[in-house]
Amino acid sequence: MLQNQTRYQTHTQMKPNLNEFVTTILNKSNHINHLKQLQSHLTTLGHSQTHFYVFKLIRFCTLKLSNLPYAHQIFNHIHSPNIYLFTAIITAYSSSQQKNNHLLTFSLFKKMLNTSIAPNHFIYPHVLKSSKERFLVGCVHSQIVKTGFLYYPVVQTSLVDSYSKVLRGLGDAQKMFDEMSVRNVVSFTALVSGYLRVGDVGSGLKVFDEMVERDVPAWNAVISGCTQNGFFSEGIRLFREMIFVAAACEGGFCKGNKPNQVTVVCALSACGHASMLQLGKWIHGYVYRHGFVVDSFVSNALVDMYGKCGCLELARKVFNMDQCKGLTSWNSMINCYALHGKCEGAIAVFEQMVGWGVRPDEVTFIGLLNACTHGGLVEQGCGYFNMMISEYKIEPRIEHYGCLIDLLGRAGRFDEAMDVVKGMNMEPDEVVWGSLLNGCKVHGRNDLAEFAAKKLIEIDPQNGGYGIMLANIYGELGKWDEVRNVWCKLKQQKSYKVPGCSWIEVDDQVHQFYSLDQSNPKTEELYSVLESLIGYRSEVMVEM
DNA sequence: CTAGGGTTAG
């Protein structure tokens with residue numbers, strides 16, 4: 001195709017219209033060989049160094065072929081690249097998801113400054129996006145001041161965003177934000193996201209409240225931030241408010257900001273964590289009523305929500321309907337089965353996934369190991385742990401060790417569990433010792449339980465729950481002096497156990513129950529119902 | 001050609 005066209009065009013309209021020719025060819029091409037042909041053609045015409053054409057080649061290479069190495073190669077062959085060429089290659093690197101490309105972006109920017117090319121305000125947002133340390137953001141910031149581009153709102157917003165994303169940079173982000181003379185919805189959203197990213201939900205919500213204009217990304221930022229920090233009911237409240245405001249705007253003068261796919265994904269995640277099946281189903285309906293494209297994000301969020309709300313069949317249905325299952329889809333489904341204690345299901349999905357040529361990642365193995373733990377498949381679980389390391393070259397993370405210890409501990413294989421703990425090249429965390437302790441309690445290994453409980457207290461001395469567990473272990477061992485000691489320490493420290501809590505959604509209302517609380521007037525009634533269910537008197541569960 | 005929002009994990 002290309003050859004014919006090249007020959008034809010060469011003789012007819014190429015000379016007066018080389019630009020049009022190049023554009024036409026690039027529009028119709030989708031392969032690197034086309035690019036190479038065009039490149040050599042341009043070279044024979046003496047245009048190998050013509051910035052204008054090289055710019056087009058690089059843009060084609062990055063945007064349509066997503067071939068950054070080749071684009072960089074083209075770039076490297078230019079003797080004196082101009083600002084356009086630098087911008088093209090820097091944009092490509094800064095928007096790439098590849099791991100260390102931000103370093104390349106940065107060195108290209110430095111190279112640009114060294115060749116004494118004056119930056120423009122278009123390039124700074126890209127450079128800032130690639131500045132992942134506070135020091136670097138500061139350097140670019142002063143560069144921006146020096147070159148006189150600080151007073152572009154877009155550049156300022158980029159600074160707010162970049163400062164808020166680096167370690168201990170939130171103060172600088174707030175300062176930058178305060179210095180802005182014109183703030184818009186984007187700059188506000190950048191700051192809100194910044195606070196929520198570091199877990200300062202209070203400040204994030206406060207800034208959000210101050211916003212006079214809120215668009216869909218602003219709502220999404222605040223809802224996702226709440227969800228990611230475990231503030232699920234706050235997230236749901238905001239989601240409801242968003243719908244309410246949008247409905248009130250309908251037909252009015254202001255623009256209604258209806259939830260989009262992103263909003264729905266965040267809200268579904270909150271529903272899953274809070275077991276709000278009714279709302280989750282309503283959102284599922286909303287997705288269809290509004291004809292949303294069920295992309296892999298929405299699909300995953302639905303699978304996860306149904307799984308967490310106890311509807312394994314519905315989760316599977318949504319999963320089956322997903323046309324382009326990505327890694328996360330498979331992980332979510334495996335996790336659903338693990339959550340429901342169906343290890344065969346999890347393993348079947350895992351095998352299907354591998355069969356489809358999808359490479360499992362570290363999350364996959366967390367789900368798989370949990371499934372094995374709940375199904376008591378010790379050998380198979382250990383096999384998967386080894387498979388992860390040797391076949392998939394995944395370095396076990398602390399979570400994987402937690403799963404493995406849980407697997408071995410529940411099976412009563414404490415020697416192996418301790419070997420694993422000793423062989424870890426990282427400090428065991430609460431999950432590791434907690435899993436071991438749990439296994440010890442099941443199998444009555446009080447000596448080892450004492451050891452694990454002491455480790456837990458070392459890690460988190462303020463957590464009264466661990467102290468109580470240690471006291472109970474001493475009780476089992478008949479060490480009554482030790483029991484008294486632990487209790488005295490607990491009282492001195494004023495550390496208490498966080499009461500166990502569960503909740504259920506009935507008629508759109510979430511009812512919460514704490515253990516051992518008797519403040520509800522219906523305590524006695526609840527108490528006897530519970531007794532009739534489990535056959536004996538247990539801790540009183542009372543609604544708060 | 002430039003700025004803010006997305007799922008899974010004991």
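Atom set for the values below is all heavy atoms of this structure, side chains included, hydrogens, waters and symmetry mates excluded.
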Side-chain donor/acceptor of A:D215 to base of B:dG4, under 3.5 Å: yes
So what does A:A88 touch, heavy atoms closer than 4.0 Å: a base, only the sugar-phosphate, or nothing? nothing
Indicate yes or no for a side-chain donor-acceptor contact from A:R410 to the backbone of A:T373 under 3.5 Å, with no hydrogens or angles considered. no
Do any N or O atoms from the side chain of A:K317 and from the backbone of A:V303 form a donor-acceptor pair under 3.5 angstrom? no
Distance criterion of 3.5 Å, no angle test: do you see the side chain of A:N300 paired donor-to-acceptor with the base of B:dG6? no
Under 4.0 Å between a side-chain N/O of A:S269 and OP1 or OP2 of B:dT8, yes or no? yes
To the side chain of A:C403, which of B:dG6, B:dG10, B:dG5 is closest? B:dG10
I want to verify a distance call: between B:dC1, B:dA3, B:dT2, whose nearest atom is closest to the A:N184 side chain? B:dA3
Using a heavy-atom cut-off of 4.0 Å across all strands, would you classify A:R397 as base, sugar-phosphate, or nothing? base
Using the ring centroid of each side chain, check whether A:F239 and A:W219 are separated by less than 6.0 Å. no
Are side-chain heavy atoms of A:H141 and A:L128 found at a separation under 4.5 Å? no
For A:T189, answer base if it contacts any base atom (sugar-phosphate contacts may also be present), sugar-phosphate if it contacts only those atoms, and nothing otherwise; contact means non-hydrogen atoms under 4.0 Å. base
Where the side chain of A:N335 is defined as all heavy atoms beyond and including C-beta, which of B:dG5, B:dA9, B:dA3 is the nearest nucleotide? B:dA9
Counting heavy atoms from C-beta on, name the nucleotide in B:dT7, B:dG4, B:dT2 closest to the side chain of A:T328. B:dT7
Looking at A:S224, I'd like to know whether one of its side-chain N or O atoms comes within less than 4.0 Å of OP1 or OP2 on B:dG6. yes
Between the base of B:dA9 and the side chain of A:N331, is there a donor-acceptor distance below 3.5 Å? no
Taking 4.0 Å as the cut-off, does a side-chain nitrogen or oxygen of A:N370 come that near to OP1 or OP2 on B:dG10? yes
Taking NE2 from A:H340 and C1' from B:dT8, how many angstroms apart are they, rounded to a whole number? 14 Å
OP1 or OP2 of B:dA3 less than 4.0 angstrom from a side-chain nitrogen or oxygen of A:R183, does that happen here? no
Choose from B:dG4, B:dA9, B:dA3 the nucleotide whose nearest atom is closest to any side-chain atom of A:P217. B:dG4
Is the distance between the ring centroids of A:F75 and A:Y93 under 6.0 Å? no
Given B:dC1, is OP1 or OP2 found less than 4.0 Å from the side-chain N or O atoms of A:K56? no
Phosphate contact (B:dT8 OP1 or OP2) by A:H273 side-chain N/O below 4.0 Å: yes
What's the closest nucleotide to the A:F122 side chain, out of B:dT8, B:dC1, B:dG5? B:dC1
Note: contacts of residues 353-368 of chain A with DNA chain B (heavy atom, under 4.0 Å) are A:V363, A:I366
Closest to the A:T87 side chain: B:dG4, B:dC1, B:dA9? B:dC1
Does B:dG6 have its OP1 or OP2 closer than 4.0 Å to a side-chain nitrogen or oxygen of A:N220? no
Where the side chain of A:F297 is concerned, which of B:dG6, B:dT2, B:dG5 is the nearest nucleotide? B:dG6
Is there a donor on the side chain of A:T157 or the base of B:dA3 sitting less than 3.5 Å from an acceptor on the other? yes
Mind checking if A:V185 touches a base, just sugar-phosphate, or nothing, with heavy atoms under 4.0 Å? base
Checking all strands, does A:R197 fall into the base, sugar-phosphate, or nothing category for heavy-atom contacts under 4.0 angstrom? sugar-phosphate
Is the gap between the ring centers of A:F177 and A:F188 under 6.0 Å? yes
Taking the six-membered ring for Trp and the single ring otherwise, decide whether the centroids of A:H284 and A:Y288 are under 6.0 Å apart. yes
When rounded to whole Å, the CD to C1' distance for the pair A:E399 and B:dG10 reads 8 Å
Closer than 4.0 Å, any side-chain N/O of A:Q228 to the OP1 or OP2 of B:dG5? no
Can you measure A:D322 atom CG to B:dT7 atom P for me and round it to whole angstrom units? 16 Å
Quick one: A:F149 CZ to B:dA3 P, roughly how many Å, whole number? 16 Å
A:F52/A:F55 aromatic ring centres below 6.0 Å: no
Describe the nucleic acid contact of A:V155 in one word from base, sugar-phosphate, nothing, applying a heavy-atom distance below 4.0 Å. nothing
Distance in angstrom units between A:I398 CD1 and B:dA9 P, rounded: 19 Å
Does the side chain of A:F451 come within less than 4.5 Å of A:M418's, by heavy atoms? yes
